[in-house]
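Input: a single structure, listed below in structure tokens.
In what follows, every chain begins at residue 1, and chains take the letters A, B, ... in the order their sequences are listed. Nothing here was measured: the structure is a model prediction, and the numbers come from that model. These numbers come from the heavy atoms of this one structure, side chains and all, not from hydrogens, waters or symmetry mates.
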Number of protein chains: 2
Amino acid sequence: MAQKVTIRDLAEAAGVSVTTVSQILNGKGDRFSNDTRDRVLKLQEKLGYVPDYNARNLIMGSTQTIGVLVPNLANPFFSMFIKGIQQVAQSHHFVPIIFDANQNQKLQSMYLEELIKRAANGLIIASATLDANDIDRILTRNGIPYLLFDQNDAQIGDRVWVDDYKGGQMAANYLLSQGHRRISLLVGQDITHNIQQRISGFRAGMAKYHLTLADEMVVQTSMTKLGGYQATATVLAKKPTAVFCINDEMAIGLYRGVQEQGIKIPDDLSIMGYDDIDLADFVTPKLTTIHQPAFEMGQVATELLIERLNNPRLTHQDKQLPLELITRDSVKLIQSGIH
Amino acid sequence: MAQKVTIRDLAEAAGVSVTTVSQILNGKGDRFSNDTRDRVLKLQEKLGYVPDYNARNLIMGSTQTIGVLVPNLANPFFSMFIKGIQQVAQSHHFVPIIFDANQNQKLQSMYLEELIKRAANGLIIASATLDANDIDRILTRNGIPYLLFDQNDAQIGDRVWVDDYKGGQMAANYLLSQGHRRISLLVGQDITHNIQQRISGFRAGMAKYHLTLADEMVVQTSMTKLGGYQATATVLAKKPTAVFCINDEMAIGLYRGVQEQGIKIPDDLSIMGYDDIDLADFVTPKLTTIHQPAFEMGQVATELLIERLNNPRLTHQDKQLPLELITRDSVKLIQSGIH
DNA sequence: TAAGCTTGGGGGACCGCTTTAATATAACCA
DNA sequence: TGGTTATATTAAAGCGGTCCCCCAAGCTTA
């Protein structure tokens, strides 16, 4: 490879000073003659000069980088979330660095450090296992603005959220309106704040019907397809008429387990999910679920963060996005004596 | 935020010179007394000193960064691929910067430039729409090693691949062995080299049975679930007994379209996919497909690239990974007079 | 005609770090 | 005792940029 061309090379070639080149290339060249300006620009093209990223950032103090931490890239919800991030980051000339922390505590800390090292301007963190206060401590110490996602309890950092409590209620209402009374709840291992909200909302929804969700009706497993599948027997043992899965992935896993037993959805068992990943529309039967606007959430999260980057002394930002019940084919209307 | 702590602050606090601190922190501190070393290390912890990334890279000339370009993050195949990349990158102290080019030509070029600007040490490119020669020209001009993926025609850059030709054959063989003769092929819009191989292999497989794949039996659509779904009518119109989808995503889309018509898989129609994304095991009926080791491919790709980074004058690297037929429930054994 | 603008351009400090080469002291050996 | 070597530490030269501030020459203007 040819030796890298520096600003000094370019200056020399153009017969001007380094200052002149720098100014012109940074759009501050009004005070130079057209002649000089053209010459520099032409020569830049010709020599293929690209300002050294590190040198530039060193002095500018910004990397135009946003760090992103998600628990699982393979979950379509997060794929969409990331796509949203990428889109608006790009339009603001930021670059997202994405880490899949794999729900692994240690890895997350590592990545967090890596992002700090790399002087990310801001962070978007969707972490189940990192403690919000830990994050806050380490990040504010380093003066890095961030936005917490999927973990909205702590009143720190900015926030983009959906009303999970209401989402839980919506799910309950719908299931109950379809006549279901014996409902099982399928949840993950570590209950983040937002999930907790969903559950509470669901409970509240049942309470309105003067029903309570017995503890024995909630079963825990990992929040993946496999987790849902593995929980099949346990769920079935509860003899529910419907099960509300705390995310679509698990619902899809449960689909398989249930269908393997020859049980028909929704005739023998109704299943409801949460997230509305693209897949929900492609399984058989199509999954009834609560739609979370993952892509928009990514967009808004990034917008808020960049907003704060531009204006550090903004007060706490908070944006809520709407949830929506998507009724498809996985929940059956059953007879019910009540109501 | 407290002013960022620099190496000078730390040096002063420890009562030693900047050099000393630098050396100790970079593991070259053998020549200093234990006393000094401990003092510096302790103080680093206490002050929370993190070396400035840009300053460091400026002088070191390396960013420890690998750029990754994929066509679609939401495709589970690429999610897994990326997970593989992340894993080995991490273990070699590299950080992947991932871009989802969204099958958009312009975006891809933009991202490529961005990656060059950011002085990525090397690139892994899975691009359908960028011309291999263009990539090569721009990248070698900048002296950046790279590895092309899913586009193996060009004999440039390193290469990790599976034998798609054989994969196509395997699919054909299996379908034919199950008695299918009237087979439709569902492919994408832009046929990359590897896909072309799959198709050729498939054709060759049929040829062995003295059959030919009529052009009218191949239908094109976009390589997504939605694409598969939208192709339903066209596919059905061909009246095949089986259809081979060039990737699993399309197969799953087709599943839905077909099932909406009340057509039973595999009883009325057999469907076969390619990739073996995790989902293949969770749809109903479970999808018979050809397994591509996405995760391993990500791992190997990264290993090869890092290998080259460490040793630029390596000869062309080439690694082949095995394909595997995964028979599940979406292909039916039908009566056949032949064989 | 001297002071003051305007126009076009350059010198050089500095960003935070690594590394080379040099210095100072202590220890060892014959 | 003087020379050699080992031990412990540092001064200073950059890396490739940006930007503050100064400079020179030609024109006005009162």
Test salt bridge (Lys or Arg N to Asp or Glu O under 4.0 Å) applied to [X] - qualifying residues, sequence neighbours left out:
X: A/Arg37; result: none
X: B/Lys42; result: none
X: B/Lys28; result: none

Nearest whole Å is fine: how far is [N] [atom2] from [X] [atom1]?
X: B/Ile7; N: D/dA11; atom1: CD1; atom2: P; answer: 13 Å
X: A/Met60; N: C/dC14; atom1: CE; atom2: P; answer: 19 Å
X: B/Lys28; N: D/dA8; atom1: NZ; atom2: C1'; answer: 18 Å
X: B/Arg8; N: D/dA12; atom1: CZ; atom2: P; answer: 13 Å
X: B/Leu25; N: C/dG16; atom1: CG; atom2: C1'; answer: 13 Å
X: B/Tyr53; N: D/dC15; atom1: OH; atom2: C1'; answer: 15 Å
X: A/Asn57; N: D/dC19; atom1: CG; atom2: P; answer: 12 Å
X: A/Leu58; N: C/dC15; atom1: CG; atom2: C1'; answer: 4 Å

Heavy-atom donor-acceptor pair, A/Arg56 side-chain to D/dG16 base, under 3.5 Å: no
Side-chain atoms of residues 76-83 of chain B: list all donor-acceptor pairs with protein atoms under 3.5 Å, sequence neighbours left out, distances to 0.1 Å.
unit_1, atom_1, unit_2, atom_2, d
B/Ser79, OG, B/Leu73, O, 3.1
B/Lys83, NZ, A/Asn72, OD1, 2.8
B/Lys83, NZ, A/Asp100, OD2, 3.1
B/Lys83, NZ, A/Asn102, OD1, 3.4

If you look only at pairs with a residue in residues 111-126 of chain B, which of them pass as a salt bridge (charged side-chain N to carboxylate O under 4.0 Å, His left out), with sequence neighbours excluded? B/Glu114-B/Lys117, B/Glu114-B/Arg118
Between the axis at one end of the helix from C/dT1-D/dA30 to C/dA30-D/dT1 and the axis at the other (five pairs apiece), what's the angle to 10 degrees?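 Axis-to-axis angle, ends of the helix: 60°.
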Looking at B/Asp52 and B/Lys4, is any side-chain nitrogen of the basic one under 4.0 Å from a carboxylate oxygen of the acidic one? yes
Mind checking side chain to side chain contact (heavy atoms under 4.5 Å, CB included) for [X] and listing every partner two or more places apart, or none if nothing turns up?
X: B/Arg8; result: B/Thr6, B/Val18
X: A/Asn311; result: A/Arg313, A/Leu314
X: A/Glu296; result: A/Pro293, A/Gln299, A/Leu321

Which of these, B/Ile97, B/Ile124, B/Leu147, sits in a side chain to side chain contact (heavy atoms under 4.5 Å, CB included) with B/Ile66?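 Of all the options given, the one that passes is B/Ile124.
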Per-nt protein contacts along nucleotides 6-13 of chain C (heavy atom under 4.0 Å; B base, S backbone sugar-phosphate only, - none) come out as --BBBBB-
Residue pairs, two or more places apart or on separate chains, that pass ring-ring contact (aromatic ring centres under 6.0 Å, His included) and touch residues 31-56 of chain B: none
Every protein N/O within reach of nucleotides 23-27 of chain C N/O, cut-off under 3.5 Å:
none

